[in-house]
Amino acid sequence: MAICVQGIAQLDTSLSRSDVESMPRSREKVDALNFLSREFAFVKPSESLDLANEALRMALEISYKPGVAYAYRNLSNVFVSQESYSLGMEYLQNALSIFEETADSIGIANCYISLGHTFRKLEERNEELSYNLKAHEIFSSVGRLDRVGVTAHNLGETYLYMEEYDRAEELTRYAISINDSTENLAVLSSCYKVMGLLMSRRGDMKEAERYFQKVLELTRILRNGSQKFATVESMIQLARIKEIAGDKEAQLGFLLMAAEFCEENDLLSALEGIYVKLIRYFSNQRNSNKVQEYMADFDRVSAELTERDLLDRADLARNVINVYRLESEKLRLEEEAQQQKESIRRRNIGLALAIALLLLLAGVAIYVLRTNKRLSEQRQIIEQQNAHLENLNATKDKFFSIVAHDLRAPLNSLRAYSSFLVDHLEHVTKEELNEMGRELMSSTDNTLEMADNLITWARMQMKEFRLQPERLLPSELIAQVTSVYEKLAAKKKILLTTSIETDSSFVGDRGQLIFVIRNIVNNAIKFTASGGKIDIHAYDSGSRIGVSISDNGIGMSDEIKAQIFSITKTVEIPGTEGEKGTGLGLVLCQEFMALHHGEIKVESVEGEGTTFHVTMERNQDFS
């Protein structure tokens, strides 16, 4: 599904409610109402609710889905700001559903921003980070630089709260560069506040003070358009810095400045905390008159906040009723539309019957054509089955060839050695006896390996293998294999190294996967000369886990590469020290990987070395 880029148009930030009320009823008016509602959401909740409800009603009337979605998002912002999280989440999910239905990527990203803010208030940092990252990725992918500046700022602040200071600084500096270039001074102000808090936590009070002063400079430029919460926070932090420095006069100056700013901008929730700091300040100064004065101010603000909270909650209740009324009306209109569709459907039935007769005739013709096609397909199936039978016959011939020649030859060799020892033991020197013992051991090992592979292959042909899936770690499998082959590699003076770049687990059959890795490592040792190198590497590639085994041995030609996984075309290449094999091992490896719905691939250059790649799904379902 293609995702379109749409959303609320860019509006003049000087827009007032009276300007909007004078506009004719249209999509632009809905956008303007939603814009104002968003601006008032965290400052004047009741005003924001009225605007959002008006936008919702009008958007439903003119069937303007983006307007409906943004109205729901604004309602969510208000309810979350008043700590009514259940209703807030419900409205935000309504908005997100509409944006997903209309493939509106900008709307989806804006909802993710709201979800990030919601989980920030709930102090659920992992959820907050997840949604802020999603919003940032979407805005980056569609090239909305102004919104990238906002989401980078949000991410920087999230990492600050998570105490990942390096990441917080990286993203906040990135946000500063964007918002400075786009002249988004309000968001730039918040970025400076985050940098100030970051430097303060790192103990660099001089840099922290510089950034908080930058916030105040932007406040003087923006006036009413300033980021007010960033401004108040900066004033409070500057007072704290002066307190640490022992500059009591400057500390008081910033606290009084913050109190005055809150009074002017009706930020009562912040003002309550500032009065507490002033009471503590004058208490330390033993100024009882000032303590009583600010305690009275604190009581006044607390009472006003309580009264406002009650009024806001009453407004919330009334607006919830209004929203449900609008939704009921929406359902009624949808039912009427459904009835109209049903009426049209009945009228079309008669036409459909006439068309059905024509289709019946066409169906007869199609049936004849399909019958011929089925006959052709059946012929193809028979030909495929014949080809499969030929392949099975070739496989059988190869199996008996291995049993008759490759398995019989080493057994004859063992018999010859045994007969010689029985008849001529008294004439054999100790050195010759040791040499013959080593030859017998090597021949026996090769014969056992060959027999084991033959038995395993035969069991697979008879469908006797059953997967025993469990959750595995690549590092465990590799460690189990290297513990077996370290001595063999060292004996041949080959450097065997491992590199594990993932700690992700996956589901698979331990025995079969160890067989695959062990077989490839054994081949790598066999075809790598003394002084060579073999590296086993585990890695994570998204939804798949991979293990690669690389060597700088003799490599393979393209012709040999094309045959190594075929039972009917196996080639026998002696190792660098004459080691032998049947070629069955890699055939078994491929069949085991097929059982895992995985892959085994080979890259090789003759004379330069070989790399095998084994990959499988992280969460494969073997049920």
When you check the gap from the basic side-chain N to the acidic O, do [X] and [Y] get nearer than 4.0 Å?
{"X": "Glu470", "Y": "Arg510", "answer": "yes"}
{"X": "Glu157", "Y": "Lys193", "answer": "yes"}
{"X": "Glu207", "Y": "Arg210", "answer": "yes"}
{"X": "Asp166", "Y": "Arg202", "answer": "yes"}

Quick one: are the ring centres of Phe212 and Tyr192 less than 6.0 Å apart? no

Out of curiosity, [X] [atom1] to [Y] [atom2], how far, rounded to the nearest 0.5 Å?
{"X": "Ile517", "Y": "Ile600", "atom1": "CD1", "atom2": "CD1", "result": "10.0 Å"}
{"X": "Asn619", "Y": "Ile545", "atom1": "CG", "atom2": "CD1", "result": "9.0 Å"}
{"X": "Thr615", "Y": "His597", "atom1": "OG1", "atom2": "NE2", "result": "13.5 Å"}
{"X": "Thr182", "Y": "Asn184", "atom1": "OG1", "atom2": "CG", "result": "5.0 Å"}
{"X": "Ile514", "Y": "Asp509", "atom1": "CD1", "atom2": "CG", "result": "9.0 Å"}
{"X": "Ile494", "Y": "Thr528", "atom1": "CD1", "atom2": "OG1", "result": "5.0 Å"}

Smallest separation among heavy atoms of [X] and [Y], with atom names:
{"X": "Ala168", "Y": "Gly156", "value": "CB-O, 3.4 Å"}
{"X": "Leu513", "Y": "His596", "value": "CG-NE2, 3.8 Å"}
{"X": "Ser105", "Y": "Ile138", "value": "O-CG2, 3.5 Å"}
{"X": "Ala208", "Y": "Ser200", "value": "CB-N, 3.7 Å"}
{"X": "Thr498", "Y": "Thr482", "value": "CG2-CG2, 3.7 Å"}
{"X": "Gly585", "Y": "Phe515", "value": "O-CE2, 4.1 Å"}

Side-chain contact test, heavy atoms from C-beta onward, threshold under 4.5 Å: evaluate it for [X] versus [Y] and give yes or no.
{"X": "Thr151", "Y": "Glu137", "value": "no"}
{"X": "Leu586", "Y": "Asn523", "value": "yes"}
{"X": "Thr610", "Y": "Ser550", "value": "no"}
{"X": "Ile520", "Y": "Val614", "value": "yes"}
{"X": "Glu599", "Y": "His613", "value": "no"}
{"X": "Asn110", "Y": "Ile113", "value": "yes"}
{"X": "Arg173", "Y": "Met195", "value": "yes"}
{"X": "Lys526", "Y": "Thr576", "value": "no"}

Flag, side chain of [X] to backbone of [Y], donor-acceptor distance under 3.5 Å:
{"X": "Ser76", "Y": "Gly88", "result": "yes"}
{"X": "Ser483", "Y": "Gln480", "result": "yes"}
{"X": "Asn552", "Y": "Gly609", "result": "no"}
{"X": "Ser130", "Y": "Asn126", "result": "no"}
{"X": "Asn179", "Y": "Gly149", "result": "yes"}
{"X": "Arg120", "Y": "Asn154", "result": "yes"}
{"X": "Lys492", "Y": "Ile525", "result": "yes"}

The side chain to side chain contact (heavy atoms under 4.5 Å, CB included) partners of Ser499 (sequence neighbours excluded) come to Asp535, His537

Sequence neighbours excluded, which residues qualify as side chain to side chain contact (heavy atoms under 4.5 Å, CB included) partners of Lys561? Met556, Asp558, Val602, Ser604

For side chain to side chain contact (heavy atoms under 4.5 Å, CB included), just list the numbers for Leu155 and Leu129, CA-CA rounded to whole Å, side-chain angles, deciding distance to a tenth of an Å, and then say yes or no. CA-CA 7 Å; Leu155 278 171; Leu129 176 62; 3.8 Å; yes

Evaluate Arg618 against Ser543 for side-chain hydrogen bond (donor to acceptor under 3.5 Å, both in side chains), listing each step before the verdict. CA-CA 6 Å; Arg618 188 196 307 275; Ser543 64; over 6 Å; no

For Arg125, give me all partners under salt bridge (charged side-chain N to carboxylate O under 4.0 Å, His left out), at least two apart in sequence or on another chain. Glu128

Determine whether more than 12 heavy atoms belonging to other residues, nucleotides or ligands lie under 6.0 Å from atom CD of Glu476. yes

Answer yes or no: does atom NZ of Lys134 have more than 12 heavy-atom neighbours from other residues, nucleotides or ligands under 6.0 Å? yes

Go through it in stages, so that I can follow the logic: the residues are Phe612 and Ile564, the test is side chain to side chain contact (heavy atoms under 4.5 Å, CB included), and I'd like the CA-CA distance, side-chain angles, deciding distance and then a yes or no. CA-CA 12 Å; Phe612 280 87; Ile564 59 173; 4.1 Å; yes

Enumerate the ring-ring contact (aromatic ring centres under 6.0 Å, His included) contacts for residues 121-146, please, sequence neighbours excluded, ordered by first and then second residue. Tyr112-Tyr131, Phe119-Tyr131

Take Asp551 and Phe527 through the side chain to side chain contact (heavy atoms under 4.5 Å, CB included) test and state the conclusion after the steps. CA-CA 9 Å; Asp551 65 61; Phe527 297 115; 5.8 Å; no

Set of residues satisfying ring pair (Phe, Tyr, Trp, His ring centres under 6.0 Å) with respect to His153, sequence neighbours excluded: none

Side chain to side chain donor-acceptor pair (under 3.5 Å) with Glu170: which residues, sequence neighbours excluded? Arg167

Set out, in order, the CA-CA distance, both residues' side-chain angles and the distance that settles side chain to side chain contact (heavy atoms under 4.5 Å, CB included) for Tyr211 and Met199, then state yes or no. CA-CA 9 Å; Tyr211 279 110; Met199 294 303 165; 4.2 Å; yes

Side chain to side chain contact (heavy atoms under 4.5 Å, CB included), paired with Leu92, selected from Leu115, Val80, Asn77: Leu115

